[in-house]
Protein chains: 2
Amino acid sequence: MVMSKPPSDARIRARNEAKILKAAVKIFSLKGFDGTRIAEIADASGLPKANVYYYFATKEAIYETLVERLLTGWDKTLEHIVADREPREALSAYIHAKLEYSRRHVIESRFFANEMLRGGRFLSSGQKKHMQDITRERVEVIEEWIRQGKMVAVEPNHFFMMLWAATQFYADFTTVAAVTLNKSQLTRDDYDCAYETIVKTVLDGCLIAE
Amino acid sequence: MVMSKPPSDARIRARNEAKILKAAVKIFSLKGFDGTRIAEIADASGLPKANVYYYFATKEAIYETLVERLLTGWDKTLEHIVADREPREALSAYIHAKLEYSRRHVIESRFFANEMLRGGRFLSSGQKKHMQDITRERVEVIEEWIRQGKMVAVEPNHFFMMLWAATQFYADFTTVAAVTLNKSQLTRDDYDCAYETIVKTVLDGCLIAE
DNA sequence: AAAAAACCTGACCAAAACGTCAATTTTTGA
DNA sequence: TCAAAAATTGACGTTTTGGTCAGGTTTTTT
């Protein structure tokens, strides 16, 4: 006699797609698109492979869904950069938020890093444009601050990329960071220290005038 | 009748291994270890697959050879950081050298980024130790500069990681940079501008005191 | 309660991938 | 010059992989 399970409160499709995507982003983030086997995704999500195919037609479909869905998180942190805040305060907040994102969303961060490393093959031109627009808005804020004499005349795009790189680093290259600091894992203190270092350096520079 | 080719001046083994490794690093850097097919390496190096196997027993062997060989380039740029130079001059030189390396050795840079992104599975503990030692030496230089009152008291490890990230970025995430700058490719000017931005910001900060 | 819709999955397939090998050609060294 | 060593490669065998499918079960709808 077969017992029927109690009807799941959550929609079945939603629940299973979530399982699959959660497992997938982890493996994609570690092995990239070409290196990922769907059987592995199936195992990791606790579903038989054929069931994965019931929800997603191809490997590409899974990957594209993730790209689309994770792109949203991309701009969240940038919201701190607004013209009516003081640069010191706004930039500190951005760096903090971005580091926090790197710490708490290592996998998603790496997923994107992987995609970029491969040249953004799966980014639609629409998505690229979105990234551009988001960045341009913030670049304009920087330009405004420069005009107001609150910041030195740095090239805003490269300035942003520097901040992005410095913070993204802690998600993508945790291994390098751990090796450098001679630890097996990064703790919250390490992230705090990273924050201090980046903020202090970027805002006020590292040199002491003679 | 079959003509025998003139005897190659270069040793055959050396020449073919070089061909294979050159093709391999390119593909590995784009697709990572798991994503790379040996047939593809064979095609790219213009050798039949069986011939690739004649020189390298497994895919791992190729990959490990590359890790070992490319690790050497890792520390080159750090040589600029020496205690008897002035920090401004030394750090500028380092940033310049690292950016130049990113520009001219995109593929090798990405190869390592890929490896790190995957957690450095193929790095032996000896190689990790090497990276640590190299870094520690330079950290000591920074500490010396701080002691001499030439630099503000930043955490040297994180300070280095920041520089590393900011410069490495231009090799690993060329795509992001290109999208941001709305170009299809980065030119030398872009790298120069990156240099200016990073140096100015890191050394003197981005803020103007009121 | 019964039909319809949604969900599940073991078994299967064709293509691709890794790796082997025996037979041949080329190069080297005495 | 000629035998041994090194290099080359087409063809093959095995395993893995992406993807399919038919037939079943469960859930939803009416």
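In the text below, chain A, chain B and the rest are named by the order of the sequence lines, each starting its count at 1.
The closest side-chain donor-acceptor pair between Tyr63(A) and Glu115(A) falls under 3.5 angstrom. With 3.5 Å as the limit, one finds no donor-acceptor pair spanning the side chains of Tyr191(A) and His96(A).
For Tyr55(A), whose side chain is taken as the heavy atoms from C-beta onward, the closest listed nucleotide among dT28(D), dC7(C), dC21(C) is dC7(C). Checking dG19(C), dC8(C), dT8(D) against the side-chain heavy atoms of Ile12(B) singles out dT8(D) as nearest. Residue Pro48(B) places its side chain closer to dT9(D) than to any other of dT9(C), dA7(D), dT9(D). Comparing atom distances between the Ala50(B) side chain and each of dG10(D), dC7(C), dT28(C) picks out dG10(D) as nearest.
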Next item on the list: Test His158(B) against Tyr170(A) for ring pair (Phe, Tyr, Trp, His ring centres under 6.0 Å), laying out the working first.
Entry: CA-CA 10 Å; His158(B) 288 285; Tyr170(A) 288 91; 5.6 Å; yes
What N/O pairs connect the protein and nucleotides 14-17 of chain C at under 3.5 Å? Give each pair on its own line.
none

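Remark: Asn16(A) is in phosphate contact with dC8(C), judged by side-chain N or O atoms under 4.0 Å from OP1 or OP2. In terms of phosphate contacts, Arg13(B) brings no side-chain nitrogen or oxygen within less than 4.0 Å of OP1 or OP2 of dA6(D). Look at Tyr54(A) and you'll find a side-chain N or O under 4.0 angstrom from OP1 or OP2 of dC7(C).
Taking a cutoff of 4.0 Å between a charged side-chain nitrogen and a carboxylate oxygen, Arg121(A) and Asp34(A) qualify as a salt bridge. With respect to the salt-bridge test (charged N to carboxylate O, under 4.0 angstrom), the residues Arg13(A) and Glu17(A) qualify.
When the P atom of dG19(D) is taken as reference, atom CZ of Phe56(A) falls 14 Å away, rounded to whole Å. Nucleotide dA7(D) holds its C1' atom 12 Å from the NZ atom of Lys19(B), rounded to whole Å. Separating the CG atom of Leu47(A) from the C1' atom of dG10(C) is a distance of 14 Å, rounded to the nearest angstrom. If you take CD1 of Ile27(A) and C1' of dG18(D), they are 15 Å apart, rounded to a whole angstrom. In this entry the distance linking CD1 of Ile62(A) with P of dG18(D) reads 10 Å, nearest Å. Between the OH atom of Tyr53(B) and the C1' atom of dG10(D) there is a distance of 16 Å, rounded to whole Å.
The two residues Ala166(A) and Met162(B) make their nearest non-hydrogen contact at CB-CG, 3.8 Å. Closest non-hydrogen pair, Ser92(A) versus Val199(A), comes out as OG-CG1, 3.8 Å. When every heavy atom of Ala42(B) is checked against every heavy atom of Pro48(B), the shortest pair comes out as CB-C, 4.2 Å.
Taking the salt bridge (Lys or Arg N to Asp or Glu O under 4.0 Å) definition, one finds that Asp133(B) meets it with Lys129(B), Arg136(B), sequence neighbours left out.
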Checklist line | Dot-bracket line, read 5' to 3' along DNA chain C, where crossing pairs take [ ] and | marks a partner on another strand, Watson-Crick or G-U under 3.5 Å | finding: ||||||||||||||||||||||||||||||
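Taking for each of Val52(B) and Asp34(A) the nucleotide of DNA chain D with the nearest heavy atom, the 5'-most of the two is the partner of Val52(B).
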